[in-house]
Number of protein chains: 2
Amino acid sequence: MSNTSPRRVRGSATPAAGVVTLEMVAQAAGVSPSTVSRILNGTARVSQVKQQAVDAAIQSLGFRPNPVARGLAGGRTLSIGVLTQTISSPFYGEALHGIEDRLDEAGYIPIFVSGHWQEAEERKALDALMARRVDGLIVLAGRLSNRALQAGAGNVPMVVVGRQMQGPRVHGLCFDNRAGAAMATQHLIDCGHARIAYIGGEPDHADAHERLAGYREALDRAGLPFDPALVTPGDYTEAGGLLAVNRLLDARLPFTAIFAANDQTAIGAALGLYRRNVRVPDDVSLVGFDDLAPARFAIPPLTTVRQPVYEMGFQAAAAMMALLRGETAQVSLPSLQLVPRESVRRLQR
Amino acid sequence: MSNTSPRRVRGSATPAAGVVTLEMVAQAAGVSPSTVSRILNGTARVSQVKQQAVDAAIQSLGFRPNPVARGLAGGRTLSIGVLTQTISSPFYGEALHGIEDRLDEAGYIPIFVSGHWQEAEERKALDALMARRVDGLIVLAGRLSNRALQAGAGNVPMVVVGRQMQGPRVHGLCFDNRAGAAMATQHLIDCGHARIAYIGGEPDHADAHERLAGYREALDRAGLPFDPALVTPGDYTEAGGLLAVNRLLDARLPFTAIFAANDQTAIGAALGLYRRNVRVPDDVSLVGFDDLAPARFAIPPLTTVRQPVYEMGFQAAAAMMALLRGETAQVSLPSLQLVPRESVRRLQR
DNA sequence: TTGTAGGCGTTATCAA
DNA sequence: TTGATAACGCCTACAA
């Protein structure tokens, strides 16, 4: 029999003082390490006596399993990679919050990395995540193609927010942007507006196209003409909205309302209107999209379409947990809702 | 001689297909694993020949070291724990962005966890971080006492933003809130205002007290009386600002200006004033603190004190890197600056 | 039900 | 300068 006592001759990492290992728990409880492991993971049944002995040892020693070692041995790191675009974005920030809360419930931890809407960065971020051996991947929008994502993710399960994807270990989750935009436009039409301008989002974001489609759909349904001159691009930022509204005003076309592709755009537009002495809603009505905090406190408070973003993050994480259990994710997103406030005026006829 | 060939008899984690290990690189290059490791870490000199052979093998095999294994063996995970309060906060979001960018430069990854301004949650988050064996800790404000932080951090280096702390492996980093607040108040005084109300921040945040002190300081310096009735608490949110301004108005005390403890408070206050038909800046001037995006696009654009938050995060991460190198962190924060916009009116005399 | 004995992919020590 | 080898702390296949 060779020597099996835990000699420490040479080693690498100096064990941090006060670190309690599973082996120490086993010794204290008078059982083998495997038994402790089994109890920790619920891998097999163990007798009541040992169960209690181990529990007691864990308590008294204050043992906490080392996730790093677990990751190496078990192949699970209990961490989920989250590829987001800008960690400081007011929109995605809420989603991250939801993800964090749901993962926490399950003992997982999110690892956030930003792609900044740039393919190269996204690819790099994805690599970093995979190198960290995350157990799953949640992707928030982005520019990477579905193929690139699939390839980059290897064989870990993936939840993608903002695009349609289905597969055995993949789940897509999105809001119905088209319906939301139609709802916003319809609201303006219901208030008597017929000349409605549209300030779009980033031209190469899918949701920007869907919102434009929703706008046209509502116009069509009401039998109103679609005037391309009333449509101008934005970039989902306040500055973009400001610029866009200036173009609209400079064109000297008549319009009584503006539907902006998101709240930030609408808020920028509102400032642009203010600068030109066009009053909201007296002269021009304004509707946004998202319902972030600034919309609620804008002057006047902004009518918008509410996207439950926190909930979206929460559900994305829930879907991931399902995928990890080998189930097919079956989560549903709450639908979008119009939030009427004070930036829209009912036209007299 | 015992058998040293890499037999795989029984194991645990099934090695994921396509995973390239350091050992495979060593074989391909015809050297020992230790040599590969040395090259990877620059731990020792190796001959040109082997150097190149290994580099080639790494390239062709597409090898990427496994951080999890590194963490176990080397005791370093190349990750930094970041204890923040609300990941979706517009203020801290910017800081996280800065941290992320600086850490990325150094090959480190941030692990963000939220404490939600609650001691119990912060403690839990701290534990989770330490269990993950992060190499360092960056703490953004919070309620945990310095002692609790020190204890929770064990012996990993720590950078704390928003409080004064010094130590061999600890570094504190803060803005001069007092000076910033004095600057804001002074600006109002310079514009001829004498009756200046103050809407405070969360009563138990240190920076809220500092800002109040700055407000008083400016008043004193100008020989203006301090009227406690003109001071009312807020909570750093828009809703808090709205409520506060209502209290101020209800008290029916005369004032010509308001200094709010942060932008969100100011924006809420602006809405409150609007609701009561008090115009900004014609009837009341308004100054905020932070200079977040919404301030720039408020109507009218908000005069405020700019805190370079991104930079703050960046510097905090830089300090951490210095600490990790065993140096004493010696980073400096850019100072606060007044950003005059349109929410302040110069009083005629 | 329980224990034994690798092995996960790296780093670090020792000896050459 | 290089290579063998023993950890790092845990999990699990296998044997008992």
Side-chain angles (χ1 to χ4, degrees), chain A residues 1-16 19-27 29-51 53-54 61 63-78 131-133, chain B residues 1-16 19-27 29-51 53-54 61 63-78 131-133:
Chain A
M1 282 271 95
S2 65
N3 188 342
T4 60
S5 75
R7 266 180 319 153
R8 163 177 293 282
V9 206
R10 40 192 176 201
S12 35
T14 316
V19 167
V20 182
T21 70
L22 181 148
E23 189 172 343
M24 295 167 64
V25 172
Q27 273 198 341
V31 303
S32 76
S34 20
T35 299
V36 178
S37 173
R38 284 191 267 260
I39 291 180
L40 250 35
N41 301 288
T43 314
R45 302 172 91 81
V46 297
S47 66
Q48 281 285 316
V49 227
K50 307 213 169 187
Q51 172 86 260
V54 169
L61 295 179
F63 169 73
R64 300 209 33 178
N66 179 336
V68 179
R70 277 186 155 175
L72 230 207
R76 305 187 324 151
T77 54
L78 292 181
R132 298 264 164 188
R133 302 296 192 272
Chain B
M1 283 260 101
S2 64
N3 190 341
T4 60
S5 75
R7 264 179 321 150
R8 162 178 295 283
V9 206
R10 41 194 176 199
S12 36
T14 316
V19 166
V20 183
T21 70
L22 181 147
E23 191 172 341
M24 296 167 63
V25 171
Q27 273 198 341
V31 302
S32 75
S34 338
T35 300
V36 178
S37 174
R38 285 191 268 259
I39 291 180
L40 250 35
N41 301 287
T43 315
R45 301 174 92 81
V46 296
S47 66
Q48 280 285 317
V49 229
K50 307 214 168 188
Q51 172 86 261
V54 169
L61 294 179
F63 168 73
R64 300 212 30 180
N66 179 338
V68 180
R70 279 187 154 174
L72 228 208
R76 304 188 325 153
T77 54
L78 292 181
R132 298 265 164 188
R133 301 295 192 273

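Computed over heavy atoms, backbone and side chain alike; hydrogens, waters and symmetry mates excluded. The chains referred to below are lettered A, B, ... by the order of the sequence lines, with proteins before strands, and numbering in each begins at 1.
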Query raised in the report: If you pin A:V49 and B:P33 to their nearest nucleotides in DNA chain C, which one's is more 5'?
Result: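 Mapping each residue to its closest nucleotide by heavy atoms, the 5'-most match is A:V49.
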
Query raised in the report: Between C:dT10 atom C1' and B:M24 atom CE, what is the distance in whole Å?
Result: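 Those two atoms, CE and C1', are 15 Å apart.
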
**Report entry** A:S34 versus A:S37, side-chain donor and acceptor atoms under 3.5 Å
**Finding:** no

Query raised in the report: Picking from D:dC11, C:dT2, D:dG3, which would you name as closest to the side chain of A:A73?
Result: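 My answer, after comparing the listed nucleotides, is D:dC11.
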
Query raised in the report: Considering only side-chain heavy atoms of B:R70, which listed nucleotide, D:dG9, C:dG9, C:dT11, is closest?
Result: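 Out of D:dG9, C:dG9, C:dT11, the nucleotide with an atom closest to B:R70's side chain is C:dT11.
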
Report task. Output, in order, the C-alpha distance, side-chain angles, deciding distance and verdict of side-chain contact (heavy atoms from CB on, under 4.5 Å) for B:R133 and A:N66. Result -> CA-CA 8 Å; B:R133 301 295 192 273; A:N66 179 336; 3.4 Å; yes

**Report entry** Whole angstrom value for the distance that separates C1' of D:dC11 from CG of A:L78
**Finding:**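 Value for this atom pair: 13 Å.
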
Query raised in the report: Between B:R38 and B:V54, does a side-chain contact (heavy atoms from CB on, under 4.5 Å) hold up when you go through it step by step?
Result: CA-CA 11 Å; B:R38 285 191 268 259; B:V54 169; over 6 Å; no

Query raised in the report: What is the distance, rounded to the nearest whole Å, between atom CZ of A:R76 and atom C1' of C:dG9?
Result: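 These atoms are roughly 19 Å apart.
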
Report summary line: Testing C:dG3, D:dC10, C:dG9 for proximity to the side chain of B:L72, the answer is C:dG9

Query - Interatomic spacing from NZ in A:K50 to CZ in A:R45 - rounded to 0.5 Å - result: 16.0 Å

Report task. Report the nucleotide, chosen from C:dG9, D:dT2, C:dT4, that has the shortest atom-to-atom distance to any side-chain atom of A:S32. Result ->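 The listed nucleotide nearest to A:S32's side chain is C:dT4.
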
Requested in this report: Can you figure out which of D:dG3, C:dT10, D:dT2 approaches the side chain of B:S34 most closely?
Outcome: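 Ranking D:dG3, C:dT10, D:dT2 by closest atom to the B:S34 side chain puts D:dG3 first.
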
**Report entry** Minimum heavy-atom distance between B:T77 and B:R132, given as atom pair plus value
**Finding:** CG2-O, 3.9 Å

Query raised in the report: So which one's nearest nucleotide on DNA chain D is more toward 5', B:R133 or B:V46?
Result: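 Going by which nucleotide is closer to the 5' end, it is B:V46.
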
Query raised in the report: Can you tell me how far C1' of D:dG9 sits from CG of A:L61, to the nearest Å?
Result: 15 Å

Query - Rounded distance (Å) that lies between atom P of C:dT2 and atom CG of A:N41 - result: 16 Å

Query raised in the report: Within the structure shown, what part of the strands sits under 4.0 Å from B:P65 by heavy-atom distance: base, sugar-phosphate, or nothing?
Result: sugar-phosphate

Requested in this report: Mind checking A:S37 for me? I need base, sugar-phosphate or nothing, with any heavy atom below 4.0 Å counting as a touch.
Outcome: base

Report task. Return yes if the base of C:dG3 and the side-chain atoms of A:R38 contain a donor-acceptor N/O pair under 3.5 Å, otherwise no. Result -> yes

Query - Between P of D:dA7 and CG of B:L22, the distance in whole Å - result: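 Going from B:L22 (CG) to D:dA7 (P), I get 20 Å.
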
Query - Nearest-nucleotide pick for A:S47, side chain only, options being C:dT2, D:dC11, C:dG9 - result: C:dT2

Query raised in the report: Does a side-chain N or O from B:N66 land closer than 4.0 Å to OP1 or OP2 of C:dC8, or not?
Result: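 For C:dC8, neither OP1 nor OP2 has a side-chain N or O of B:N66 closer than 4.0 Å.
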
Report summary line: A:F63 CZ to D:dG9 P, in whole Å, measures 10 Å

Report task. Ignoring the backbone of B:A69, work out which of D:dT2, D:dT1, C:dG9 is nearest its side chain. Result -> C:dG9

Requested in this report: Report the C-alpha separation of B:R70 and B:L40 in whole Å, then their side-chain angles, then the decisive distance to 0.1 Å, and conclude whether the side-chain contact (heavy atoms from CB on, under 4.5 Å) test is met.
Outcome: CA-CA 11 Å; B:R70 279 187 154 174; B:L40 250 35; 4.0 Å; yes

Requested in this report: Would you kindly give the CD-to-C1' distance between B:E23 and D:dA6, to the nearest whole Å?
Outcome: 15 Å

Query raised in the report: From C:dT4, D:dG9, D:dG3, pick the nucleotide closest to the side chain of B:V31?
Result: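 Of all the options, the side chain of B:V31 is nearest to D:dG3.
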
